[in-house]
2 protein chains.
Amino acid sequence: MLSRLARLTTNAELPVLARFDLTMWEYVVLLGLGEGPVRTQSALAEAIGADKTRIIHVLDTLQQRGLITREPDETDRRVRLVGLTPTGRRTLHDSQAAIQDNETVLLNVLADGEQRRFLRNLERLYEAAPDLLG
Amino acid sequence: MLSRLARLTTNAELPVLARFDLTMWEYVVLLGLGEGPVRTQSALAEAIGADKTRIIHVLDTLQQRGLITREPDETDRRVRLVGLTPTGRRTLHDSQAAIQDNETVLLNVLADGEQRRFLRNLERLYEAAPDLLG
DNA sequence: TATTGTTATACTCTATAACTATA
DNA sequence: TATAGTTATAGAGTATAACAATA
């Protein structure tokens, strides 16, 4: 049930992201950087539930388009400090708003109080899942 | 959030299903037949949110293992009536119980009343999604 | 030796279109 | 011609292992 719902919502969101010239993983990476810069690409990958090898091409693209910065750390030159540029932050803000408009269509199936409750519970499960399920 | 939660739970459930020698799609097909036989494979595929071409190999396997029947309809020999055998029904029952045990671990993150509420809302969204999102 | 980032590759999953048999 | 089922194939998504640079 969860899987199918995720697939349907994902497919419905792809055209919205396309308006911002973003793939799903590019959007997820921007979201992962929204709270602030991240010190290693591995940490970023883990935070968004992706493989570290998979986001590399995503980071390449986002960097080329000037949406993120990827600077070597001076104290440990193996790691790259990744963060949003002002353009990247604006793109994240705009696309996130569009996505939320889209989600509202579905969430309106639920009564107003239930919407907030559902999202809160979903978030709680989302946070607990990695520890409980590996 | 939904996608990652779905992926985590799916991955956590695969070992459980493996104990019954079932893949995820085989399990989903058995679930789709749980309420009763289905008159066409296309209808079954659509009901579980799959492509009609994808479940064919699944049906082949389940039939070979004696978990489902797949009889040609006498009035229209193009269509196949698909249903569970007694063995199939038992396998579904047992595997479903094991899966639910597994899900309980995660759902226990939520308070008792919230669990039921979350599942009810999830079901409501699940049912509305195909119409609203395509 | 261990770790970060990268590349290459193989594997799985999914979608699409073409084929058959019935109607 | 249209539909149910099937097959084949190409594409996307994913996981794994090997590699270079740095610690």
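We use all heavy atoms of the structure for the numbers below, so side chains are in, but hydrogens, waters and symmetry mates are not. Numbered from 1 within each chain, the chains take letters A, B, ... in sequence-line order.
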Open item on the list: What does the B/S/- profile of nucleotides 8-23 of chain C look like, 5' to 3', with a 4.0 Å heavy-atom cutoff to protein?
Closed with: ------SSBB----BS

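- The neighbour count for A:E103 CD, taken as heavy atoms of other residues, nucleotides or ligands under 6.0 Å away, is above 12.
- Taking atom CG of A:L81 as the reference point, atom P of C:dG5 lies 10 Å away to the nearest angstrom.
- Atom NE2 in A:H57 sits about 15 Å away from atom C1' in D:dT14, given to the nearest Å.
- Spacing between atom CG of B:D60 and atom P of D:dT6 amounts to 7 Å, rounded to whole angstrom units.
- Here the CD-CG distance, from B:Q64 to B:L59, works out to 11.5 Å after rounding to the nearest 0.5 Å.
- Applying the salt bridge (Lys or Arg N to Asp or Glu O under 4.0 Å) test to every pair with at least one member in residues 78-100 of chain B, sequence neighbours left out, gives these pairs: B:D76-B:R78.
- Atom CD1 of A:I55 and atom C1' of C:dT4 are 12 Å apart (whole Å).
- A single hydrophobic cluster is not seen to contain both A:V82 and A:V79; linkage of ILVMFWY side chains at heavy-atom distances under 4.5 Å, directly or through other members, places them apart.
- Taking atom CG on B:L59 and atom C1' on D:dT7, their separation rounds to 15 Å, with Å as the unit.
- One atom, CD of B:Q41, and another, P of D:dT3, lie 17 Å apart when rounded to the nearest Å.
- Heavy atoms of other residues, nucleotides or ligands lying less than 6.0 angstrom from CD of B:E114 number more than 12.
- Within the structure, the ring pair (Phe, Tyr, Trp, His ring centres under 6.0 Å) test picks out no pair touching residues 69-113 of chain A (sequence neighbours left out).
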